[in-house]
There are 4 protein chains.
Amino acid sequence: MRTSDKYRKIIAAAVEVFAEKGFFKARISDIAGRAGVADGTIYLYFNNKYDILISLFEKEIGKIIIKVKKRLDQEKDPRRMLEIFVAQHLEMVQKQKSLAEVLQMELRQSNKFMREYRNTKFIEYINIISTIIHKGQKMKIFRPEIKPGIAKRMIFGAIDECARLWVLNPNSTYDIDETAAQVSYIFLAGMNQP
Amino acid sequence: MRTSDKYRKIIAAAVEVFAEKGFFKARISDIAGRAGVADGTIYLYFNNKYDILISLFEKEIGKIIIKVKKRLDQEKDPRRMLEIFVAQHLEMVQKQKSLAEVLQMELRQSNKFMREYRNTKFIEYINIISTIIHKGQKMKIFRPEIKPGIAKRMIFGAIDECARLWVLNPNSTYDIDETAAQVSYIFLAGMNQP
Amino acid sequence: MRTSDKYRKIIAAAVEVFAEKGFFKARISDIAGRAGVADGTIYLYFNNKYDILISLFEKEIGKIIIKVKKRLDQEKDPRRMLEIFVAQHLEMVQKQKSLAEVLQMELRQSNKFMREYRNTKFIEYINIISTIIHKGQKMKIFRPEIKPGIAKRMIFGAIDECARLWVLNPNSTYDIDETAAQVSYIFLAGMNQP
Amino acid sequence: MRTSDKYRKIIAAAVEVFAEKGFFKARISDIAGRAGVADGTIYLYFNNKYDILISLFEKEIGKIIIKVKKRLDQEKDPRRMLEIFVAQHLEMVQKQKSLAEVLQMELRQSNKFMREYRNTKFIEYINIISTIIHKGQKMKIFRPEIKPGIAKRMIFGAIDECARLWVLNPNSTYDIDETAAQVSYIFLAGMNQP
DNA sequence: TATGAATGAGACTTCATTCAT
DNA sequence: AATGAATGAAGTCTCATTCAT
């Protein structure tokens with residue numbers, strides 16, 4: 001169908017352009033040009049420039065959530081689950097560098113210019129972490145003093161900041177596996193019930 | 001001196017305005033208005049809008065670095081040093097919410113529109129963490145497998161993401177002491193040489 | 001016939017939309033939507049947006065002319081004829097408020113953007129008035145000093161301006177009969193051969 | 001002073017451009033160009049395009065009101081006053097053709113796109129007529145049956161429609177004095193207490 | 001005939017920056 | 001040093017019109 005085709009093309013183009021220039025410096029005509037559509041066509045699929053950003057975010061985070069949840073469903077051990085989450089996130093960052101860059105910025109920015117926007121998708125995403133921690137605590141694997149509400153943010157922040165390295169500086173010293181290993185290692189050791 | 005007075009006033013105004021609106025939505029006239037100077041006056045102290053942001057960043061991060069280094073100099077134990085770093089950062093975020101907000105965004109954004117800008121001040125700041133870790137490893141307090149280059153980013157990312165909560169949502173569930181305690185606890189446990 | 005059915009539907013929709021929004025703010029898609037046809041369909045019946053306006057004008061004024069001429073044909077007394085003209089015009093305004101509104105604006109506007117358009121239908125309409133006056137002068141009922149070319153415009157302008165009241169402010173102080181009576185009264189007294 | 005100078009220049013340019021093209025076809029850049037200022041400068045003096053129109057209207061009608069009231073103050077006879085009003089209006093139309101054109105359009109249009117705008121200046125202007133009629137009725141010069149509220153609109157409409165002739169068709173058959181004479185004649189005869 | 005997705009020119013408005021005072 | 005009026009480039013969004021289906 002032509003419709004969803006253009007929608008997808010525009011989203012894909014927007015991811016690249018936003019990643020390259022940032023939201024504010026990106027021009028609608030850049031996105032349109034890269035998507036191979038006319039400027040006006042964008043407005044058949046999105047209400048405005050912000051709407052592209054929001055839609056993009058929700059759609060892509062949604063896909064990531066589905067994917068990671070599917071993989072986690074096959075696991076029982078919360079330690080292994082955390083490893084998977086970390087690895088998958090970093091993998092995603094490497095495979096979809098542009099997307100990662102956009103999501104990172106957006107997370108910090110969208111609330112600046114869209115006060116009303118409640119980022120529920122993101123909350124759903126990081127709540128995956130707290131769910132894992134919770135489970136680990138029930139199984140007496142993770143210490144009960146750990147507060148999942150704080151730890152989930154710590155873990156996400158740690159991964160995200162590491163990821164920022166590659167995004168900015170693609171040929172960094174540390175590779176993905178090394179990073180994933182360190183992150184998992186430190187947090188598992190940090191939360192482990194001795 | 002009157003000159004530096006205006007300089008300081010402009011920086012202070014810029015911090016607030018950038019925090020409120022974000023860099024791109026902030027207008028020079030907003031900053032000028034809040035600083036109590038004419039629009040044109042800003043250009044006597046700064047080359048352009050970006051320059052305000054960069055100057056602000058360097059100046060303020062510089063102050064933070066000096067402050068935290070001074071406190072850390074009085075400590076020997078790397079564990080205690082890490083606790084101090086974490087606590088001090090979170091404290092700064094709470095006391096200077098606007099500044100924290102700007103620094104957070106800027107960190108993710110500045111490279112987007114100023115490819116050439118090398119954020120040396122920020123690097124200096126997070127290198128404080130790796131120095132602590134290094135020291136801890138030498139003293140056989142932290143495990144040797146920990147890579148300070150990765151861990152420094154993890155720790156900074158973790159703190160920063162927790163801080164983002166208050167900035168967005170000032171009356172959050174977790175208070176500063178609780179957060180600082182959790183962060184220190186998990187990372188110390190995670191890096192501790194058993 | 002289906003064709004003329006759509007044509008009529010579009011005209012009817014255009015009358016309403018133009019009345020509500022004015023010509024320039026009215027969108028083709030508004031008209032299409034209200035007419036229950038696709039945007040593109042409009043261009044099977046009209047050359048462009050202006051053409052709708054012109055066609056509408058000619059068609060509707062044409063109908064009004066036919067109607068008023070038919071009624072006037074049954075009258076001999078030019079005084080009575082003038083009364084009928086006035087009454088009929090005001091009646092039309094009240095019964096077809098949207099149409100009246102469009103005709104009023106269009107009269108003042110169409111020449112602005114279509115310099116070439118010669119509004120012959122309108123001229124035909126107000127010439128009904130001058131014909132009446134002429135007749136009255138021949139019958140020594142109206143004074144010979146009255147210049148039908150000026151008086152016709154005065155009378156039309158007077159009625160039209162009174163009508164504007166209802167269009168803007170439907171629940172005005174004066175009702176249609178009162179207004180018609182006053183207009184007829186003043187003009188007849190003003191033109192009457194003592 | 002530079003300020004009011006530009007303000008006046010912009011208004012003057014707007015009058016011409018609106019008269020030539022109509023409000024909607026007029027571009028800000030047309031007005032700016034004719035006023036000899038930059039596009040942006042317009043927004044130092046007006047909030048938006050509509051605001052130019054409204055300001056223009058209020059300012060110019062205001063001037064006309066002041067002028068006509070001053071002349072009427074010197075008269076006692078309401079018949080003479082009406083003559084003066086009519087003559088002055090038509091004179092204004094001829095001397096300031098562009099302005100007249102704009103005022104005419106605006107009167108019919110502004111309510112179309114600015115529902116909230118209450119045209120108080122215009123009301124003040126035509127109330128001059130009703131005041132004259134009232135006075136004439138008190139002096140037993142005009143018939144008591146005349147309703148000033150209707151008659152004022154009739155008279156204004158009549159003048160205005162006659163004026164439209166010149167605006168559209170500058171070399172018309174009837175000149176200003178002839179028109180003024182006819183209008184005064186018919187209305188005075190129509191309202192005269194025999 | 002009819003559709004409606006797509007086009008792309010065009011306009012309003014903003015705002016960083018300049019410069020005469 | 002300071003001002004703030006003026007500039008004008010630039011970008012988002014609208015919408016009349018087209019055309020493949």
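Keep in mind that this is a model prediction, so the values were computed, not measured. Letters A, B, ... mirror the listed sequences (proteins, then strands); counts begin at 1.
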Student: Locate the shortest heavy-atom distance separating I31(C) from A13(C); write the atom from each residue and the value.
Tutor: O-CB, 3.6 Å
Student: Wobble G-U and Watson-Crick pairs count when both distances are under 3.5 Å; given that, what is the 5' to 3' dot-bracket string of DNA chain F, with | for pairing to other strands?
Tutor: .||||||||||||||||||||
Student: Looking at residues at least two apart in the chain, or sitting in another chain, which of them share a ring pair (Phe, Tyr, Trp, His ring centres under 6.0 Å) with F46(D)?
Tutor: Y7(D)
Student: If you check every side-chain atom of V37(B), which of dA2(F), dT3(F), dA6(F) has the closest atom?
Tutor: dT3(F)
Student: Between F23(D) and M105(D), what is the shortest heavy-atom contact and its length?
Tutor: N-CE, 3.9 Å
Student: What's the shortest heavy-atom distance between S98(A) and A19(A), and which atoms?
Tutor: O-CB, 3.5 Å
Student: Going by side-chain hydrogen bond (donor to acceptor under 3.5 Å, both in side chains), name the residues that satisfy it together with S55(C), two or more places apart in sequence or in a different chain.
Tutor: D51(C)
Student: In whole angstrom, give the distance that lies between atom CD1 of I42(D) and atom C1' of dG8(F).
Tutor: 13 Å
Student: List for me each residue that meets side chain to side chain contact (heavy atoms under 4.5 Å, CB included) alongside F122(D), sequence neighbours excluded, and say none if there are none.
Tutor: E161(C), R164(C), F57(D), L107(D), N119(D), I126(D), F156(D)
Student: Charged N to carboxylate O under 4.0 angstrom, D5(A) versus K9(A)?
Tutor: yes
Student: Measure the distance from CG on L53(D) to C1' on dC12(E) and round it to the nearest whole Å.
Tutor: 15 Å
Student: Run the side-chain hydrogen bond (donor to acceptor under 3.5 Å, both in side chains) test against Y125(D) and tell me which residues pass, sequence neighbours left out.
Tutor: H89(D)
Student: For dA5(F), does OP1 or OP2 lie under 4.0 Å from any side-chain N or O of K6(D)?
Tutor: no
Student: Set out, line by line, the N/O atom pairs under 3.5 Å between protein and nucleotides 15-18 of chain F.
Tutor:
unit_1: dA16(F); atom_1: OP1; unit_2: A26(C); atom_2: O; d: 3.3
unit_1: dA16(F); atom_1: OP1; unit_2: K49(C); atom_2: NZ; d: 3.3
unit_1: dA16(F); atom_1: OP2; unit_2: I28(C); atom_2: N; d: 2.8
unit_1: dT17(F); atom_1: OP2; unit_2: Y43(C); atom_2: OH; d: 2.8
unit_1: dT17(F); atom_1: OP2; unit_2: K49(C); atom_2: N; d: 3.0

